[in-house]
*Asks:* 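Next up is a structure, given as C-alpha cells.
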Amino acid sequence: MDQPAIKTDKEIIVVSGSSGLIGTTLINKLAEKYLIIGLDNIGYPFPPITAECVCIDITSDESMENAFERIRFAYGNKIASVIHLAAYYDFSGEPSPLYQKITVEGTERLLKVLQGFEVEQFVFSSSLLVYDSTKPGIDITEESPVNPKWDYPQSKVDTEKILRSKRGDIPVMNLRIAGVYSDEGDSIPITNQIQRIYENQLTSHFYPGKFDRGNPYVHLEDLITGLIKAIEKRKEFSGMTTINLGEPETMSFIELQNEIACLLFNKEWKTYKIPNFVAKTGAWVQ
C-alpha cells in the first residue's frame with residue numbers, strides 16, 4: 001500500500017467516546033507516548049487537543065468507513081490498540097432502541113471496518129452490572145453467573161457475544177468495569193447520596209433496599225491505570241480475555257451512608273428501611 005501521509009515513530013491508538021470523562025482522561029495520559037486518534041460525534045464536545053479528532057456517526061456504515069479511510073491515509077494500516085468506550089447509557093433505566101443501535105450494532109460496525117487493519121488489540125468497556133447480584137462475603141469474579149437486569153447491562157452482554165463471533169483475528173480485552181467516580185464526584189449515585197445527606201433531605205433517612213448490600217465502584221485514576229496496563233501488556237494476550245475492574249472491597253449502602261455523614265457532620269446518620277411500594281409512591285409524589 002502507499003506510504004502514510006504523516007510519518008511518525010509513535011504507535012497509533014484509537015479511542016472511541018473520546019470526549020467523555022474516561023476518554024478525555026485516558027487520552028491526556030497516553031498522548032506523551034502514543035499518537036492518539038479520538039473518535040466522537042460531530043460537534044461539541046470534542047476530544048482533548050492532545051488527540052486528532054475524527055468525527056463519526058457510529059450508526060452509519062458510510063461514516064465509519066470514511067473515518068477509517070482517513071486514518072489509513074494519514075497513518076497507515078497498523079493500529080496498536082482500539083479503546084472502545086462509546087456506548088449508549090440512560091441513567092433513568094428506561095428501555096431504548098439506542099442500546100441496540102449504538103452499543104451493539106455500533107460495535108459490530110466498528111469491528112467490521114477494523115478487519116481491514118492490522119490491529120494488535122481491541123479493548124471493550126463492558127460493565128460489572130452484567131453479573132447476577134451476590135451476597136455479602138461472596139466476591140464477584142470473571143466466572144460469576146451473568147444475569148443482566150435491564151437494558152444497559154443487557155446491551156453489554158449482547159455486544160460481548162458480537163465480539164466473540166466477529167472479532168476475526170483481533171485479540172479482545174473485555175473489561176467489565178465497576179461504577180466510576182473521581183475526586184470531583186462524577187458518579188450520579190454517589191453525588192446524589194452526598195447531596196441528600198448534606199441538605200438533610202427527608203429522603204436521606206429512608207431506604208427501600210438492603211442495608212448490607214452495595215454497588216461496586218472504581219476510582220477514575222485506578223481505571224485509567226488499568227487501561228494503560230492493558231495497552232502495555234497487549235502482546236501477552238490472545239483470543240478474548242475478560243477482566244473485572246473494581247475496588248477489592250465494596251462498601252454496603254449503610255457503610256457509605258455513615259461514612260458520608262461522618263465526613264460531613266462527624267456523626268452517624270439515622271436511616272430507616274421502608275417497603276418498596278412506599279418508596280415508589282414517594283418518588284411518584286416528588
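Just so we're clear, the structure is a prediction, and the values are computed from it rather than from any experiment.
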*Asks:* Given 3.5 Å as the limit, does a donor-acceptor pair link the side chain of Ser63 with the main chain of Ser60, or not?
*Replies:* no

*Asks:* Is there a path of hydrophobic side-chain contacts, each under 4.5 Å between heavy atoms of I/L/V/M/F/W/Y residues, joining Tyr99 to Val157?
*Replies:* no

*Asks:* Is there a side-chain contact between Phe211 and Ser252 in this structure, where contact means two heavy atoms from C-beta onward sitting under 4.5 Å apart?
*Replies:* no

*Asks:* Hey, does the side chain of Ser16 reach the backbone of Leu85 with a donor-acceptor pair shorter than 3.5 angstrom?
*Replies:* yes

*Asks:* What are the two closest non-hydrogen atoms of Pro171 and Ser238, and how far apart are they?
*Replies:* CB-CA, 4.2 Å

*Asks:* What I'd like to find out is whether the side chain of Ile56 reaches to under 4.5 Å of the side chain of Asn41, using heavy atoms alone.
*Replies:* no

*Asks:* Between Ile22 and Ser125, is there a side-chain heavy-atom distance shorter than 4.5 Å?
*Replies:* no

*Asks:* So, taking the atom named CG in Asp169 and the one named CG in Leu114, what distance separates them when rounded to the nearest 0.5 Å?
*Replies:* 13.0 Å

*Asks:* Has Asn66 got a side-chain atom pairing as donor or acceptor with Glu62's backbone, closer than 3.5 angstrom?
*Replies:* yes

*Asks:* Quick check against the 3.5 Å criterion: does Lys156 have a side-chain atom that pairs as donor or acceptor with the backbone of Leu129?
*Replies:* no

*Asks:* I'd like to check the side-chain hydrogen bond (donor to acceptor under 3.5 Å, both in side chains) partners of Asn28; sequence neighbours left out, ordered by chain and number.
*Replies:* Thr50

*Asks:* Tell me, which pairs form a salt bridge (charged side-chain N to carboxylate O under 4.0 Å, His left out) where one or both residues lie in residues 255-276, sequence neighbours left out?
*Replies:* none

*Asks:* Does any pair with a residue in residues 114-126 pass salt bridge (charged side-chain N to carboxylate O under 4.0 Å, His left out), and if so which ones, sequence neighbours excluded?
*Replies:* Glu120-Arg234

*Asks:* Which heavy atom of Val113 sits nearest a heavy atom of Glu65, and at what distance?
*Replies:* CG2-CA, 4.1 Å

*Asks:* Which residues satisfy the side-chain hydrogen bond (donor to acceptor under 3.5 Å, both in side chains) test with Ser204, sequence neighbours excluded?
*Replies:* Trp269

*Asks:* Shortest non-hydrogen contact from Ile58 to Arg109?
*Replies:* O-NH1, 2.7 Å

*Asks:* Cut-off 3.5 Å, side chains only: do Thr271 and Gln257 have a donor facing an acceptor?
*Replies:* yes

*Asks:* Using side-chain hydrogen bond (donor to acceptor under 3.5 Å, both in side chains) as the criterion, list what pairs up with Thr107, not counting sequence neighbours.
*Replies:* His84

*Asks:* Restricting to side-chain contact (heavy atoms from CB on, under 4.5 Å), what partner residues turn up for Lys112, sequence neighbours left out?
*Replies:* none

*Asks:* Once side-chain hydrogen bond (donor to acceptor under 3.5 Å, both in side chains) is applied, do any residues pair with Tyr88, and if so which ones, sequence neighbours excluded?
*Replies:* none

*Asks:* Restricting to pairs with a member in residues 45-59, which pass salt bridge (charged side-chain N to carboxylate O under 4.0 Å, His left out), not counting sequence neighbours?
*Replies:* Glu52-Arg70

*Asks:* Which pair of heavy atoms, one from Trp150 and one from Asp90, lies closest together, and at what distance?
*Replies:* CZ3-O, 3.8 Å

*Asks:* To check you understand the geometry: which heavy-atom pair defines the closest contact between Ala80 and Ile13, and what is its length?
*Replies:* CB-CG1, 4.5 Å

*Asks:* Donor-acceptor pair, distance only, cut-off 3.5 Å: does the side chain of Asp132 make one with the backbone of Asn147?
*Replies:* no

*Asks:* What are the two closest heavy atoms between Gly38 and Ala51, and how far apart are they?
*Replies:* N-CB, 4.1 Å

*Asks:* Compare all side-chain heavy atoms of Met240 with those of Leu163 and state whether any distance is below 4.5 angstrom.
*Replies:* yes

*Asks:* Which pairs count as salt bridge (charged side-chain N to carboxylate O under 4.0 Å, His left out) when at least one residue sits in residues 13-36, sequence neighbours excluded?
*Replies:* none

*Asks:* State, with a plain yes or no, whether a side-chain heavy atom of Leu128 is found less than 4.5 Å away from one of Asn244.
*Replies:* yes

*Asks:* Compile the donor-acceptor pairs under 3.5 Å between side chains in residues 218-233 and protein atoms, sequence neighbours left out, one pair per line.
*Replies:*
from	atom 1	to	atom 2	distance (Å)
His219	ND1	Glu221	N	3.0
His219	NE2	Asp183	OD1	2.8
Thr225	OG1	Glu221	O	2.9

*Asks:* Report yes or no: does Thr241 contribute a side-chain atom to a donor-acceptor pair with the main-chain N or O of Met173 at less than 3.5 Å?
*Replies:* no

*Asks:* Considering residues at least two apart in sequence or located in another chain, which fulfil the ring-ring contact (aromatic ring centres under 6.0 Å, His included) criterion with Phe253?
*Replies:* Tyr207

*Asks:* Under the ring pair (Phe, Tyr, Trp, His ring centres under 6.0 Å) definition, can you give me all pairs with a residue in residues 15-69, not counting sequence neighbours?
*Replies:* Phe68-Phe117

*Asks:* Tell me whether Leu30 shares a hydrophobic cluster with Val14, the cluster being built from Ile, Leu, Val, Met, Phe, Trp, Tyr side chains joined at under 4.5 Å.
*Replies:* no

*Asks:* Kindly say whether Arg176 contributes a backbone atom to a donor-acceptor pair with the side chain of Ser127 at under 3.5 angstrom?
*Replies:* no

*Asks:* Transitively linked via ILVMFWY side-chain contacts under 4.5 Å: Tyr131 with Tyr152?
*Replies:* no

*Asks:* I want to check something: taking the side chain as every heavy atom from C-beta on, are Ile6 and Phe73 in contact at a cut-off of under 4.5 Å?
*Replies:* no

*Asks:* Would the distance check show the side chain of Ser144 and the main-chain N or O of Thr141 forming a donor-acceptor pair, the cut-off being under 3.5 Å?
*Replies:* yes

*Asks:* Contact between Ile36 and Val15 at the side-chain level, heavy atoms closer than 4.5 Å - yes or no?
*Replies:* yes

*Asks:* Would Ser155 and Gln100 count as having a side-chain donor-acceptor pair, cut-off 3.5 Å?
*Replies:* no

